[in-house]
2 protein chains.
Amino acid sequence: MGDATETEYASACAAVSDSDSRAIRAVLDRIGDKWSLLVIGELSHGVRRFTGLLRGIPGISQRMLTLTLRQLERDGLVTRTVHAEVPPRVEYELTPVGETLIPHAIALAHWAVEHYPSIETSRASFDAGS
Amino acid sequence: MGDATETEYASACAAVSDSDSRAIRAVLDRIGDKWSLLVIGELSHGVRRFTGLLRGIPGISQRMLTLTLRQLERDGLVTRTVHAEVPPRVEYELTPVGETLIPHAIALAHWAVEHYPSIETSRASFDAGS
DNA sequence: CTGTATCCCATACGATACTG
DNA sequence: CAGTATCGTATGGGATACAG
């Protein structure tokens with residue numbers, strides 16, 4: 001993971017000039033919110049129903065799950081299919097575009113788990129020292 | 001980028017059970033905010049001064065740059081060195097841990113630039129249709 | 001130059017209750 | 001089951017002014 005830094009970095013940052021920053025801002029605003037990435041993580045398992053997602057994502061409220069799913073649907077990352085039954089059944093699934101986010105979600109999750117101890121330690125000493 | 005999905009995914013999600021979710025939440029709260037990833041992107045070029053960052057990140061306010069840098073410093077992702085001169089010179093630099101975030105930042109930036117057109121199109125049709 | 005302090009607003013989010 | 005509606009709070013974040 002540490003073979004392409006300087007060179008790769010320069011070209012990547014050169015590409016981030018003006019109009020691209022809008023795209024980055026927009027994407028960051030979406031996947032950077034409190035629940036989107038966790039919802040995508042749940043959906044990476046496959047098709048899920050509303051209540052299933054609610055139970056699979058501890059701490060999320062009905063309201064926020066609804067809002068998050070609507071945003072993801074609007075952005076074309078998730079599909080919502082309603083089955084005309086009683087009781088109603090609504091299934092959510094990642095679109096092909098949405099699935100391309102999975103590797104990044106996994107990578108970030110790995111990074112978080114790997115470096116969180118270091119972060120906690122740093123926070124403790126920062127808060128202790130002046 | 002599309003070779004490890006199903007298997008890789010299963011093991012990754014299995015690892016995300018209880019205590020890891022705290023780490024993911026904590027990291028997401030930090031790098032998911034409005035400016036951290038952009039600051040890290042600027043610092044990936046190398047050492048930067050306060051004003052340099054302010055100019056390099058369009059739209060950020062003095063206040064938010066200060067707050068963001070303090071958080072990153074607290075988390076041990078950025079170092080802050082003050083040079084005793086007049087006028088004062090303060091330099092910010094990524095720590096080794098902070099540098100490990102660069103590949104992920106680059107990956108997300110690439111994803112954003114690549115898929116943003118699709119997202120915009122999807123939003124337009126979503127907003128148009130009922 | 002590199003911040004800090006204060007004010008203020010928009011909105012993200014949670015809790016709760018209600019509906020087809 | 002799968003939402004919507006309403007309310008209230010917390011806080012993220014901008015603008016501006018001031019300071020070492």
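Here is the naming used below: chain letters follow the sequence lines, and residue numbers restart at 1 for every chain.
- Atoms NZ (A:K34) and C1' (D:dG12) sit 13 Å apart, rounded to a whole Å.
- Seen from the ring of A:W35, A:R30 does not count as a face-on cation partner, given the 6.0 Å and 45° thresholds.
- Listed for the A:S122 side chain is no donor-acceptor partner under 3.5 Å among the backbone atoms of A:S118.
- Within the nucleic acid shown, A:R63 comes within 4.0 Å of at least one base atom, counting heavy atoms only.
- Taking the six-membered ring where the residue is Trp, B:H104 and A:W111 present perpendicular rings, their angle passing 60° and hence far from 30°.
- Checking D:dT6, D:dA2, C:dG3 against every side-chain atom of A:T51, the shortest atom distance belongs to D:dA2.
- In this model, the phosphate group of C:dT4 is approached by a side-chain N or O of B:R70 to a distance below 4.0 Å at OP1 or OP2.
- Phosphate contact (OP1/OP2 of D:dG3, side-chain N/O of A:Y92, threshold under 4.0 Å): present.
- Across D:dG3, C:dG14, D:dA17, the shortest atom-to-atom separation from the side chain of A:F50 is found for D:dG3.
- Between D:dG3, C:dC1, C:dG14, one nucleotide has an atom nearer to the side chain of A:S61 than all others, and that is C:dG14.
- Toward the 5′ end of DNA chain C lies the nearest nucleotide of B:G52, the other residue of the pair B:G52 and A:D33 mapping further downstream.
- Nearest to the side-chain atoms of B:V90 among the listed nucleotides D:dT4, C:dT2, D:dG13 stands C:dT2.
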